[in-house]
Amino acid sequence: MLFTTVMKSNKEFSRAYNKGRYCVSREVCVYYIRNSSPFNKLGITTSKKLGNAVQRNRARRIIRAAYRLSEEFIPIGFDMVVVARSGIIGKKSTDIERFFKGRLPDEIRRSENERAFKK
RNA sequence: CGAGUAAGCUAUGCGGUAGCUUAGCGGAUGUACGCUAAGAGGAAAGUCCGAGCAUCACAGAGCAGGAUAGCUGCUAACGGCAGCCGAGGGUGACCUCCGAGCCAGUGCAACAGAAAUAUACCGCCGCUUUUGCGGUAAGGGUGGAAAGGCGAGGUAAGAGCUCACCGGGUCGUCGGUGACGGCGACGCCAUGUAAACCUUAUCCGAUGCAACUCCAAUGGUAAGCGUUAAAAGUCAAUGGCUGCUCGUCAGACUUGCGCUUAUAGGAGGCUAAAGGCGUAUGGCAACAUACGCACAAGAUAGAUUACCGCACUCGACAAAACUCGGCUUAUAGGCUUAGUCGCACA
RNA sequence: GUGGGUAUAGCGUAGUUGGUUAACGCGUCAGUUUGUGGCACUGAAGACCGUGGGUUCGAAUCCCACUACCCACC
């Protein structure tokens, strides 16, 4: 992926959950927080609630594929944790791609603008 | 044609665009990048057994503890498999069985019932005479279980008391490697439970690839706490004072120092294996032997895909994590082979 | 990878050394009491003991397989 590395440590996940903002759709829930670096960090979480190993792996792959195809639309410089929700079962990657290209960047930009405006 | 039995195979297919992991080649020598090749199962699952492998322990033997339990074989081994024996089920093909030992000892068997391992309540018969004594397990009733069952003879009434058949036991003999079976004789003194303790026989050292080995480092790395009349720096970014700016306070990040805890990191182990397919030979079979032929997932936040199109019968259960042999459980369908039973026709 | 535990009335727990009808508290329902409600008192209902097999005359209990949940260690 172009501007993205993989998030590994538990600390970074905790930081995103506790300090970050989030944007929710029926399929996924995205936590994001600025990381003051010129690239993004992506972490994907699929819990046991989704189902068995096959369904969890499929969800993870779909999210990764959707992110890869919509990477240019997403602002750079964020830690992002994508949490799969139970609505992802049976969906295609294009459904999530639509969310990644449309609502998610808008939300991020709006929150940034709010902050700048506040400032 | 219908029903059912057993064994086995398969697990949507094809194309396009974009990508992932590993290996090789080119390029490069910190990489990126390009091309080529390969890339999840019958159960990969559950983790219920058995082994390999590794480390530690260990003179030998026994006790304790655990596991197994018809016999013979197969196997590296097994609690697995095959064949056979016995018992049970099915008209049959065939299927099911933790299937050693209560004649070593101990325990338990509620309620009911006269009585539960011992016995006479009712009844029957004889004697006595109105109450007893003796004989009797045929009948009644209770129970899961009551002197082996049933019929005949026999008798005062009865009883393996006697006999035929069946069931079980002991002994002998014959067959079989054996479990066991056939035949003959004797002759019914005695329940069930060992998935109750237990006895007998056989087997078992412990821990598990996060094992373990090597390299680097040991003034390191990671986490937490402290360092505040601020240890230093940065903040475009979070909050308060104020809606904004400045300022300031807190806070965040980086670096340094101190204390405590942990031993992280990289590489190997890691995949060609008691493996698969075919043919031949031996064996009823499990399986063995020989020859030939193909076949190369090896990740480490964890790859094997995403999207689109076409076809049809519209696609189940389900994802390797050191490896293998089994068992158990889940599973839409489709296909093949071999027996069986019923009906119809020739 | 390895090991252990739990499942019983709506809820929380007993019973787990086979034996008749599975016990207790809270809650629910009905009645008594009160002008009304609560408290109190009396009574009742409510369980195929997680699921499926097996052993036994008889299983919540013993054995086997499965399901769900929880915990521990490296």
Side-chain angles (χ1 to χ4, degrees):
Chain A
M1 293 184 234
L2 291 171
F3 319 108
T4 306
T5 55
V6 179
M7 195 193 287
K8 294 183 183 178
S9 71
N10 191 29
K11 199 179 160 191
E12 291 167 314
F13 277 88
S14 304
R15 183 162 161 272
Y17 288 135
N18 294 327
K19 301 268 173 76
R21 291 163 181 268
Y22 59 89
C23 177
V24 182
S25 78
R26 193 175 291 280
E27 295 88 7
V28 293
C29 174
V30 181
Y31 293 80
Y32 56 92
I33 186 165
R34 303 215 66 163
N35 61 1
S36 63
S37 62
F39 51 85
N40 283 354
K41 277 188 177 177
L42 179 69
I44 301 173
T45 305
T46 52
S47 76
K48 258 188 178 175
K49 285 182 223 164
L50 287 179
N52 57 27
V54 175
Q55 287 165 333
R56 292 202 299 273
N57 279 348
R58 157 124 186 132
R60 216 177 298 151
R61 284 197 300 262
I62 285 173
I63 291 167
R64 203 180 292 131
Y67 183 84
R68 184 169 56 78
L69 292 171
S70 57
E71 199 173 13
E72 330 166 346
F73 293 80
I74 292 171
I76 296 172
F78 285 88
D79 284 355
M80 303 181 63
V81 177
V82 182
V83 179
R85 306 182 72 201
S86 56
I88 204 170
I89 303 295
K91 290 289 168 59
K92 292 188 169 181
S93 72
T94 44
D95 298 332
I96 301 156
E97 213 179 315
R98 212 170 295 129
F99 172 72
F100 275 163
K101 285 180 177 171
R103 264 185 62 203
L104 180 64
D106 291 351
E107 289 260 345
I108 293 173
R109 287 203 192 85
R110 199 168 71 221
S111 62
E112 291 299 300
N113 288 343
E114 272 178 15
R115 190 177 294 137
F117 183 65
K118 264 187 184 178
K119 197 143 194 196

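Each chain gets a letter, A, B and so on, in the order the sequences are listed, and its residues count up from 1. No hydrogens, no waters, no symmetry mates; every other heavy atom, side chains included, goes into these values. This structure is a prediction, so every number in the text was calculated from the model and none was measured.
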Suppose you measure atom [atom1] in [N] against the same atom in [M]; what distance do you get, rounded to whole Å?
N: A294(B); M: A273(B); atom1: C1'; result: 16 Å
N: C198(B); M: G184(B); atom1: C1'; result: 40 Å
N: A145(B); M: C108(B); atom1: C1'; result: 15 Å

The salt bridge (Lys or Arg N to Asp or Glu O under 4.0 Å) partners of Arg98(A) (sequence neighbours excluded) come to Asp95(A)
Which base, if any, makes a Watson-Crick or G-U wobble pair with [N], both distances under 3.5 Å?
N: A288(B); result: U281(B)
N: A318(B); result: none
N: G19(B); result: none
N: C102(B); result: none
N: A179(B); result: none
N: G151(B); result: C163(B)
N: C63(B); result: none

Separation of U304(B) atom P from Arg60(A) atom CZ, nearest Å, is 10 Å
Taken to the nearest whole Å, CG/Asn57(A) to P/A297(B) is 20 Å
At a cut-off of 3.5 Å, list every protein nitrogen or oxygen paired with a nitrogen or oxygen from nucleotides 305-309 of chain B, distance to 0.1 Å.
from, atom 1, to, atom 2, distance (Å)
U305(B), O3', Arg61(A), NE, 3.1
A306(B), OP1, Arg58(A), NH1, 2.2
A306(B), O3', Ser93(A), OG, 3.2
A306(B), O2', Ser93(A), OG, 2.7
C307(B), OP1, Ser93(A), N, 2.8
C308(B), OP2, Lys92(A), NZ, 2.8

Between which residue ranges does RNA chain C form stems of three or more consecutive Watson-Crick or G-U wobble pairs, both distances under 3.5 Å?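 If one scans RNA chain C for consecutive Watson-Crick or G-U pairs, the stems found are C:1-7 with C:67-73, C:10-13 with C:23-26, C:28-32 with C:40-44, C:50-54 with C:62-66.
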- Drop me the distance from Phe99(A)'s CZ to Ile63(A)'s CD1, to the nearest 0.5 angstrom.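 Answer for the CZ-CD1 pair, Phe99(A) versus Ile63(A), is 10.5 Å.
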Side chain to side chain contact (heavy atoms under 4.5 Å, CB included) filter on Ile62(A), not counting sequence neighbours, yields Arg58(A), Ser93(A), Ile96(A)
Residues at least two apart in sequence or cross-chain that pass side chain to side chain donor-acceptor pair (under 3.5 Å) with Gln55(A), listed by chain then number, are none
For this session: Determine: side-chain N/O of Arg64(A) to OP1/OP2 of G302(B), distance under 4.0 Å, yes or no.
Result: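 Indeed, a polar side-chain atom of Arg64(A) lies that close.
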Please tabulate the protein-to-nucleotide N/O contacts below 3.5 Å involving nucleotides 314-318 of chain B, giving atom names and distances.
none

